[in-house]
Structures are given as structure tokens and as C-alpha cells.
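Here is the structure we will look at.
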Amino acid sequence: MKSVYLNKGKDKAAWQLHPWIFSGAIKSLSDKIDDGEVVGVYNVEREFIAYGLFHNSSRVAIRLLEWNPQVVIDADWWRTRIRKAVGARQHLLTDGETNTVRLVFAEADFLPGLIVDKYADFISIQVHSVGVERVKEIIIAELNALLKPKGIYERSDLKSREHEGLPDTNGLLSGELPPEFVDVIENGIHYKVNIIDGQKSGFYCDQRENRLLAAQYAVGKRVLDCFCYSGGFTLNSLKAGASQVISVDSSALAIETLEKNVTENGFGAGRHEAILSDVNKQLRKFIDAGEKFDVIVLDPPKYAPSRSALERASRAYKDLNRRGLMLLQSGGLLATFSCSGAMDMDTFKQVLAWAALDAGKEIQFIRQFHQPEDHPVRASFPEGEYLKGLLVRVL
Ligand code: SAH
């Protein structure tokens, strides 16, 4: 196996089980190495640190897989990792109320560059690296053996693939093509998921628990669900007994899917309205019209794609939340989220504090939201923590 030697002092994170080695940390290579090859990584004293997947031009030059020098990274290694990840989610799928979960969450499951989501009988996968691309057949065979899905579809149309020189890849990998809308169930609610054209890999299953938690506060209330996508918060609120839910999203496909979902579940009649609009524009309209809500959900897309974008993103989060707070009655609740990994919980609280000052409101933080257990955070990889939220009460 080929070897990579790290610069002096650049081996600390790797010893601490962090899975990324940046290109700047590399001192030398034993040979010419192909993209995606498994390599042994050594410090400047030539002590073995770990095995990883190498890439010549990616900023993350090595994605570490295994720190035990005795272990061989072969087909069986990949199969075992997949089995462990899938096995750890089985209990989420046993109550008949939920059949959509994330089965593999990349670095957090020691499978850097691989995401696998289950949507009822279909599987959607995303591959972010050449190294994983090379073992894709093994992964597909193992997923088929374990789960016997009707079909496995790849949705690797991602920015992160560019770094590895990989093209967008969208297509059927095995079995049948998913229908335009796959029926899934989450928290006992039915959703149509468009695996082929929907956002992300089709559904935001990372909000499963938070939808249920937020809905507890919606009973008998007037709810505004902003950035509603296919209606996760809307449907849980309607099911819990909200008196009215208004949902806003700027994607026509999202609104179309949401309306199908409301009808399909049969609990929206007369209580639901969907608005196709930019959220900030719609919030301004509501403010001008003197509208008030009891519960508002703000679940925007990622405003801060990197740490360097955080300051600008913080201003956008502040403006959005200020508008949300202005629309709440005294005693009203804001369930507000950030899926930007660069924004930690403390910064998010600070942003809310600024938003409240600007809105002229006193607020309390009464609950925190996190990503669910099928999106675990590995202690040695804190970057995997991205979704956070606050339940805020306006006094
Ligand atoms: N709350 C959703 C997930 C939200 S994902 C759920 O529970 O499933 C973010 C959503 O924001 C996407 O549906 C996207 O279409 C929408 N979006 C992005 N920018 C927007 C904007 N400026 N105004 C309205 N919606 C927007």
C-alpha cells in the first residue's frame, strides 16, 4: 500500500481521530497515488496513524477510515461499516409510524463521503468522493442484501463533488426506478417524496423529532410555517390540532407536494392555506397588514455555507427572526432553526437576542432543538453537528 507522510506538527488532529487531512498537511508521498486509492498515513517520524482515501487535488486530501493498523480495508471492511450504520437505525423503523430515516451519515458513521437515506422501499444515496465511488458496487450489493429495497437511486448532484473532479450523477443504480412520488410515513403522517427531483435527497428527515416537538405547542393555535417544503411542520401541527396553519415556500414543487400531502392525510380541511412566496417578502406583507400568529416556524435553508460567510449569514438570520418575532402575540412561540454548521448554538442565541432587541421584544429560550439520532455527531468530528434550533417565547 502506498504511503503519505505528514508535515511535522500536522498530525495532531489525525491522532485524535479527526477524519480529514488537508492537502497543506502533507509532506510527501511514497509514490504517485491515484485519486480514491486507500493509503497508509504516517507522521514525520514514520509512525503509522491511520488508513484513508487519498485525492490529489481535493482540499480534504485524505479522508481517514481506520486507525487500527491490523485491519485491512477490503470489501468486508466496507460491508461491516454499512451493516453497523444500518443496524443502529433499526429501532427507529419498528413502530410502523416511520419508514424514512438516514441510514448512513458519512463521517459520523465512519463512512466519509457517503450518505444513504431510506424512503419506504426505496434507497437514495449520495457519493461525495472518488474513494467511495470506487467501492459503490460493494455498497449497493450490501444495501440490497440488508434491506431488499425496490430500488436504489443516486442523487449525487452536489457541489461537494466538484472538489473531487466528479460530475453530477443522477440515476438508478439497482432495482426499479422510484415513481414520481414515493409514499413515505413519518410520525404517522404520510408524505409524497420526489426522490428524483426533490430538494436534498427528497425529504428533510433531519427534522422528524423537531416537527413532533414543535407541534405540541400548536394545539388550538394559529401557526405560520415558513420555509415549509413538503409540509413537515405544517402537517404535524394540523395533526396535533392547530386551528389554522399558513405555510410559505418559494418553490412551486414544494407547495404542490405540500398540498398533495395535506389532502392525502385528510386533516387540513378548512384549516390550511399555502402561499408560494419569498418568506421575507411575505413576512413584510403580514407585518404591514397587522397580522398576528401564536406559533411561527422558521426553517430556512443554510445561510452560512462556511465560517467565512458567518457574519453575513448572521445578519440574514437576525432580519428573518426579527420579522418572525414582530408577528407573534405576547406569549407566542417562535420555533427557529439554523442548519448552518458554521453557526453554533451560542451564536444562534446571540443572533436571536439581537433580533429581539431590534423587534422591541423580550424573549425567553424555552427549549433547544437538535439533529436526530440518525444524524449522529461523532465526538472526533464536531463539524458533523449542523442542525440546531430554539423555541423562543415572546413575553
Ligand atoms: N421545514 C421544511 C424544510 C425546509 S428546507 C421541512 O420540514 O421539510 C428549506 C426550504 O426553504 C426549501 O423548501 C426551499 O424551497 C425554501 N426556500 C429557500 N429560500 C426561500 C425563500 N427566500 N423564501 C421562501 N422559501 C425559501
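Computed from a predicted model, the values in this text were never measured in an experiment. Each ligand, and each atom within it, is numbered from 1 in the order the structure gives.
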Just checking F337 against F369, ring centres under 6.0 Å apart?
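So the answer is yes for these two rings.
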
Would a line drawn from the ring center of F181 to the ring center of Y191 be shorter than 6.0 Å?
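No, the ring centres sit 6.0 Å or more apart.
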
Do other residues, nucleotides or ligands put more than 12 heavy atoms under 6.0 Å from R59 CZ?
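Atom CZ in R59 is not crowded, with 12 or fewer foreign heavy atoms closer than 6.0 Å.
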
Using heavy-atom distances only, which candidate in [options] approaches [atom] most closely?
atom: atom 7 (O) of ligand 1; options: E186, K302, R208, R211; answer: R211
atom: atom 20 (C) of ligand 1; options: C228, S250, A252, S247; answer: S250
atom: atom 4 (C) of ligand 1; options: Y204, F203, F227; answer: F227

Any N/O of [X] closer than 3.5 Å to an N/O of ligand 1?
X: Q207; result: no
X: S230; result: no
X: P300; result: no
X: D299; result: yes

Does one side chain, of H272 or T234, offer a donor that lies under 3.5 Å from an acceptor on the other?
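There is no such pair (donor and acceptor under 3.5 Å, judged by atom type) between the side chains of H272 and T234.
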
Using a distance-only test with no angle check, is there a side-chain donor-acceptor pair under 3.5 angstrom linking E97 and N187?
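Short answer, no.
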
If you draw the axis of the six-membered ring of F203, does the NZ or CZ of R211 fall within 45° of it and under 6.0 Å from the ring centre?
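Judged by the rule, R211 and F203 form a cation-pi pair.
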
Output the list of atoms in ligand 1 that are nearer than 4.0 Å to some heavy atom of S277, sorted by atom number.
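It comes down to these atoms of ligand 1: 23 (N), 24 (C).
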
Against heavy atoms of S251, which atoms of ligand 1 measure under 4.0 Å?
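Listed by number with element: 15 (O).
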
Answer yes or no: is there an ion pair linking D183 with K192, defined by an N-O contact shorter than 4.0 Å?
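Between K192 and D183 there is a salt bridge, with a charged N closer than 4.0 Å to a carboxylate O.
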
Any salt bridge between K318 and D358, counting N to O under 4.0 Å?
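Yes, charged N to carboxylate O under 4.0 Å.
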
Answer with side chain, backbone, both or neither: which part of C226 has a heavy atom less than 4.0 angstrom from an atom of ligand 1?
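Neither; no heavy atom under 4.0 Å.
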
Location of contacts on Y229 toward ligand 1, heavy atoms closer than 4.0 Å
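Contact part for Y229 vs ligand 1: both backbone and side chain.
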
